[in-house]
Every structure is written in C-alpha cells, then in structure tokens.
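Below is one structure, written out as structure tokens; comments come after it.
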Amino acid sequence: MTRPGQDHPSLSFGAQAAAYERGRPSYPPEAIDWLLPHGAHTVLDLGAGTGKLTTRLVERGLDVVAVDPIPEMLEVLTGSLPDTPALLGTAEEIPLADSSVDTVLVAQAWHWFDTGRAVKEVARVLRPGGRLGLVWNARDERLGWVKELGRIIGPENAHFNEATTLPEPFTHVEHHRVEWTSYLTPQALLDLVASRSYCITSPQEVRTRTLERVRELLATHPALAHSTGLALPYLTLCIRADLS
C-alpha cells in the first residue's frame with residue numbers, strides 16, 4: 001500500500017495530530033443523518049484522521065472501518081476507538097475487498113485526493129447501489145469575532161460550492177448544508193489554529209506570530225475576553241451520490 005509522497009501537503013497533519021483531535025469540531029447529527037442511506041450498516045470512513053466522524057458513526061452502532069495515510073492520526077483514533085479497524089491506506093488504493101461496504105464517507109478530505117483514481121476505488125469497494133458522502137465543516141465567518149479570526153489565519157475555504165459534483169458511475173448527486181454551533185475552550189481554539197495546514201507548514205516565526213495574534217484576539221475582543229467558553233458558528237456542507 002503506497003501513501004502520498006513525502007511532500008504531499010496532507011501529510012503535514014501528522015505533526016499536529018493531537019492538536020487536530022483537541023481543536024477540530026465533530027459533525028452535527030443532522031448532517032450525518034442526511035449522508036447515510038436508509039439501512040446502511042457497513043461504513044468506510046475514508047481519510048478518517050483522528051476519528052472525528054468515525055466516533056459519531058460508531059456511536060450509531062454501525063460497522064465502521066477507518067482508513068487514513070497518516071500513522072500518527074490513526075494512532076490517536078485507535079486510542080479512543082480500540083475496537084474499530086483502523087487501516088493505513090489512501091483513497092487511491094483502499095485496503096478493502098471489492099463490494100465490501102454499504103457506504104463510503106469522506107470528512108474534510110476529498111480535496112486532498114486524486115479524484116479520478118479515488119472515484120474508481122470508492123466504486124470498487126462499494127456494494128451495488130451504495131452511497132458516497134462528502135462533508136466539510138466551515139467556520140461561519142459572516143459576523144463578529146469569527147470574521148476577525150479569519151483575517152488572522154486566512155478565510156475559511158470549504159473546498160465546496162453548489163456546483164461541486166461527482167462523476168460517473170455516481171448519480172443522483174445532491175447538496176445540503178447545516179448551520180450549527182460548536183462550543184470550545186480558548187485553548188481548543190488555539191489547537192484548532194495550530195492544526196491548520198497553513199500554520200503547520202509555515203516557518204516557525206510565522207506560526208508563532210499567528211498564534212500570538214489569536215491569543216491577542218482572545219484577550220481583547222469584547223465577545224471573548226475573560227470567557228472560558230466560546231461559541232463558534234459553523235456551516236457543515238454535504239454532498240451525497242449513489243453508485244449506479
């Protein structure tokens with residue numbers, strides 16, 4: 001099983017796997033309900049990372065397999081979900097048998113894949129009529145301190161828009177979005193920033209300055225100063241399609 005080349009940007013997350021787990025949000029139940037087909041039982045979480053989505057799927061009693069190319073991420077996942085199979089692999093070479101799962105879900109990762117190869121591999125491991133679902137969390141930066149945060153760390157790019165589609169053999173492509181709020185501590189917000197690929201791959205002085213500016217925002221913004229809990233609004237963006 002090959003993994004992305006050593007200079008592939010997705011591999012930068014390994015250095016901050018713990019911060020990723022502490023700072024990144026989970027996914028709202030409404031989005032997961034919409035993504036999963038009725039009667040789905042066996043689910044592949046492809047590009048599972050530290051298991052943010054995997055945990056929500058296991059909680060539903062589903063038979064879940066997690067696949068990711070970064071050992072450090074899977075180590076965190078296995079620590080919290082020791083009974084869930086966690087396999088080292090890529091979207092372009094999925095380490096599963098043909099027609100072995102009902103559903104493939106991809107959270108926060110589709111834009112890292114070679115789409116043409118990934119589509120063929122997903123279609124291979126899905127059973128006939130199976131479902132492919134994609135989901136991204138994007139900070140809602142329209143108002144307030146979240147807009148200020150975007151000025152510091154760069155605007156949110158959800159790698160998604162209403163024109164995003166999936167090629168054959170997937171059909172009945174649909175889009176959905178959910179507005180919700182994640183509640184986190186000031187330290188978790190710093191972890192969220194530290195786990196962004198831009199921050200991880202920046203020179204140390206840039207990384208340090210970015211985190212200093214976020215600390216300054218936490219200390220001085222009227223909505224954040226002296227607060228032990230933050231309300232961070234999100235848009236969760238979803239695509240689903242069925243294997244024809």
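Note that the numbering runs from 1 along the sequence shown for the chain. The basis for the numbers below is simple: all heavy atoms, side chains too, and nothing from hydrogens, waters or symmetry mates.
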Determine whether a donor-acceptor pair (N or O, by modelled atom type, separation under 3.5 Å) exists between the side chain of D45 and the backbone of A66. no
Determine, stepwise, if the pair E174 / R131 fulfils salt bridge (Lys or Arg N to Asp or Glu O under 4.0 Å). CA-CA 12 Å; E174 297 179 279; R131 167 77 52 83; 5.8 Å; no
Look only at the side chain of S227 and the backbone of L230, and say whether a donor-acceptor pair between them is shorter than 3.5 Å. no
With sequence neighbours excluded, residues passing salt bridge (charged side-chain N to carboxylate O under 4.0 Å, His left out) with D98: R124
Test side-chain contact (heavy atoms from CB on, under 4.5 Å), reference T50, set T78, V76, D68, output is V76
Within-4.5 Å side-chain heavy-atom neighbours: L232 and T181: no
Given side chains that start at C-beta, do those of V104 and V125 come closer than 4.5 Å, heavy atoms only? yes
Distance in Å, L81 CG paired with T55 OG1, rounded so as to fall on 0.5 Å steps: 4.0 Å
Report yes if the side chains of R209 and V206 come closer than 4.5 Å at any heavy-atom pair, otherwise no. no
Taking C-beta and beyond as the side chain, do L87 and L96 meet within less than 4.5 Å on heavy atoms? yes
Describe, in one word, how the ring planes of W136 and H111 are oriented to each other, choosing from parallel (under 30°), tilted (30 to 60°) and perpendicular (over 60°). tilted
Verify salt bridge (Lys or Arg N to Asp or Glu O under 4.0 Å) between E212 and R215, making sure each step is shown before the conclusion. CA-CA 5 Å; E212 286 176 351; R215 290 188 182 95; over 6 Å; no
Roughly how far apart are W180 CH2 and N137 CG, rounded to 0.5 Å? 5.0 Å
